[in-house]
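Letters go in sequence order (proteins before strands), and every chain restarts at 1. The shown structure was predicted, so the numbers you read here are calculated from the model rather than taken from an experiment.
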Amino acid sequence: MNVAAILDLDLEVFTGPFDLLLTLVLRDEVDLMEVQLAEVVITYLDHLESKGELDLEVATEFLVLIAALLELKSRLMLPREDEDLLDLEPQEAAEELLARMLDAQRYRRAAEHLTTRLEGEEGVRYRQAPLPPFLRESRLEEAVAVYKPARLGKAMGELLRLPPEVSTSHMTTQRVTVGERLAHLKSLLRRGATTFDEAVKGADRVTVAVTLWALLEMYKSGQADWQQDECFGEIRIAAVEAGGAFARAAS
Amino acid sequence: MTELARIIEALLFLSPDPVAVKDLAEVTACDEDEVAEAVAELDQRYAPGEHGLQLKRVAGGLTLATDPIAESAARRLLAKPRTPPLTPAQAETLSIVAYLQPVSRPEITRIRGVSADSATATLIERGLIEESGRSQFGAILYRTTPLFLQLFGLESLKALPDVSAWDPTPEEQAALRDRLLRAGEVRAGGGDDGGEGAPAGATGVLSAVDGGGESS
Amino acid sequence: MTELARIIEALLFLSPDPVAVKDLAEVTACDEDEVAEAVAELDQRYAPGEHGLQLKRVAGGLTLATDPIAESAARRLLAKPRTPPLTPAQAETLSIVAYLQPVSRPEITRIRGVSADSATATLIERGLIEESGRSQFGAILYRTTPLFLQLFGLESLKALPDVSAWDPTPEEQAALRDRLLRAGEVRAGGGDDGGEGAPAGATGVLSAVDGGGESS
């Protein structure tokens, strides 16, 4: 039985089966930022409790789904303006997090107070009637200057200012293209067979990934062949001349 | 005062229009005689000189109205243009209309990079701007009103302040509209709600501006 | 009732918003002490149970409002609920804005731990909060409106209890800290080999490639 189909959720932003929520989130029709994932987990735990048994397969499936959602959501939640938390030492980060949780608790209680207060005003109504005719005509000559013209000039000047470019400093600025890595691989291969480690020596993770793409590209177009004898073992790369580089029998 | 009389008083206070005795009876779940009795009680309370309000019978119903003694004070308090401080959105919208009039709402939106609908509605309601025909594409055009001039202490539109005082790159006044539109596009591209393709669009506009505007 | 009290009653009846004593004094050409005296007279008239209306001090001014006894009849007459209750998300967002104003949406999100976008939009639509300029990063700032004070029966923001009233107790803080530290340890324990995830991924790709290669 598919856990996503049988788990019925009743959340603030969504009511229905879990799989529908997943679909809507993936289609951007429900904002993941507004989904309280903890509620989903609690619903699942309730579901488990009511069934009285733990089906490991179903539990695994649920864990995978909820973990994926959590990761996606945590990425969305990474603050754009303050990435300070990332630079903190673990101890400091924990303190910062604690401070935020305490803050949240404080305002949740303040919210309860406001809600009670609003309930207390239940039934108090204010008059919302239009002014009688004799008050509706405002005479031009009675109007006095209350606004400063400079306000308009300033607003206009601000509109003329080009907004600052969006900062992308938090993103990897290093740009590496498949084309560049292809050229790199080809130049290595011109000198003979090589290894993947050699091709990405000293490179950052993005470059490693792009190099892999380049290698896949060469493999697909039949320009290179590669071989790995064991997991985590060395990946040997060789150019494919007419007839192939590795003797296939060797592998 | 009986509870029914108090309820009826509250209902007359809330309702913008006169309320018929029949309706009062219905919503209070009483019969009309009981309502009439309560109304008599109210009549007594609102005897001339007792309150600043009067209980009146008009248009087949009952209504509360103010005593004429309050008229001149009411005029001083309420019969004047409402001039709460302008929000940033209202100031922006108003300045666009003031400097570029007549101007359409889509143009205002383009320049601001965000919708100007509620700001425009408020400015109309306060009598600061008004409709002024239609553009060739059928969009309603807006212009400022005489009240606008009055409230800003301006003799005429020519007295609007020179924008260059607030403009980091003063250019020909004539180019104002074009430059605003360009800036607006950048703003819309880089904006919060810039959906799909926004970064690409923003870059495009930026480089276009860099290429064209800066070098001139 | 004195003439001044009657005039003030009429003004409060007419004005769509609460009126400050200062403004009442100005438009009645009286000094504030006189107004205060007249208001005291009104207070007496509108003592609880006397009328269907009450004299309230909200949003920095005086205003007339109905007594809740009229609520069910008012609902039937006007066919609309007074104000729908707030959802927990809206109440939380509103309390953050009320206490921290002016405050930006990213800040609200940071405190709540979940996005506040739709709650913010609803609060704006209901007129409880409004824009109030921009932060130094360009984010829109929000503040509460006079309508918020009015609907919550608050004379001013100062009438809100000090936020420290809801500070978690030292025990709660300690419990929270404990939970957090435990979670942190688990993460640190499992995190060491988490960084080595890449090779495993690479293997996946490679074996897929191997598979493809074989068949060709």
Side-chain angles (χ1 to χ4, degrees), chain B residues 1-17 19 23-30 38 42 45-46 48-54 64-80 82 84-85 87-91 114 118-119 187 190-193, chain C residues 1-17 19-20 23-30 38 42 45-46 49-54 64-79 82 105-106 117 124-125 130-134 138-141 143 146:
Chain B
M1 209 144 83
T2 61
E3 186 169 315
L4 183 57
R6 290 169 62 202
I7 292 175
I8 289 172
E9 184 185 32
L11 294 177
L12 297 181
F13 167 80
L14 290 174
S15 175
D17 304 307
V19 191
D23 294 333
L24 288 173
E26 195 183 310
V27 298
T28 54
C30 294
L42 283 176
R45 277 292 176 118
Y46 283 100
E50 282 301 306
H51 272 273
L53 305 177
Q54 302 174 337
L64 286 173
T66 53
D67 189 303
I69 56 160
E71 199 170 307
S72 63
R75 216 186 283 276
R76 278 191 294 274
L77 181 69
L78 299 164
K80 59 185 178 191
R82 288 189 53 221
T87 65
Q90 288 159 5
V114 287
S118 83
R187 204 168 292 118
D192 269 347
D193 54 352
Chain C
M1 210 146 77
T2 61
E3 184 167 318
L4 183 56
R6 289 169 59 202
I7 291 175
I8 289 173
E9 185 185 33
L11 294 178
L12 298 183
F13 174 82
L14 288 172
S15 174
D17 301 306
V19 191
D23 294 333
L24 288 173
E26 198 183 309
V27 300
T28 54
C30 295
L42 284 174
R45 276 293 173 116
Y46 285 103
E50 284 298 307
H51 273 270
L53 306 178
Q54 41 177 330
L64 291 171
T66 59
D67 188 296
I69 54 157
E71 176 58 15
S72 62
R75 194 169 302 181
R76 280 192 292 270
L77 182 70
L78 304 170
R82 175 186 158 267
R105 202 146 39 172
D117 292 6
I124 292 174
E125 198 191 296
E130 64 189 1
E131 292 187 13
S132 154
R134 302 222 168 217
I140 297 169
L141 295 170
R143 65 175 170 217

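Interface summary for chain B: among C/S15, C/S72, C/A5, C/A29, the most heavy-atom pairs under 4.5 angstrom belong to C/S15. Chosen from B/V19, B/T87, B/L64, the residue pairing most often with chain C at heavy-atom distances under 4.5 Å is B/L64.
Nearest heavy atom pair, residue B/R6 against residue C/D67, reads NH2-OD2, 3.1 Å. Nearest approach of B/I69 to C/E3, heavy atoms of both residues: CD1-CG, 3.9 Å. Taking both residues in full, the closest heavy atoms of B/A73 and C/I7 are given as CB-CG2, 3.8 Å, listed atom of the first, atom of the second, then distance. The two residues C/A74 and B/L14 make their nearest non-hydrogen contact at CB-CD1, 3.8 Å. Across all their heavy atoms, C/F13 and B/T66 have their closest contact at CD2-CG2, 3.6 Å. Pairing each heavy atom of B/L78 with each of C/P16, the nearest pair is CD2-CD, 4.0 Å.
Rounded to the nearest 0.5 angstrom, C/E130 CD and B/S118 OG are separated by 11.0 Å. In this structure, C/H51 NE2 and B/R45 CZ are separated by 5.0 Å, a value rounded to the nearest 0.5 Å. Separating the CG atom in C/L11 from the CD atom in B/E71 is a distance of 11.5 Å, to the nearest 0.5 Å. Within the model, atoms CG of B/L77 and CD of C/E26 stand 9.0 Å from one another, a figure rounded to the nearest 0.5 Å.
For chain C, the nearby parts of B/L53 are the backbone and the side chain; heavy atoms of each come within less than 4.5 Å. For C/L42, no part lies near chain B; criterion is any non-hydrogen pair under 4.5 Å.
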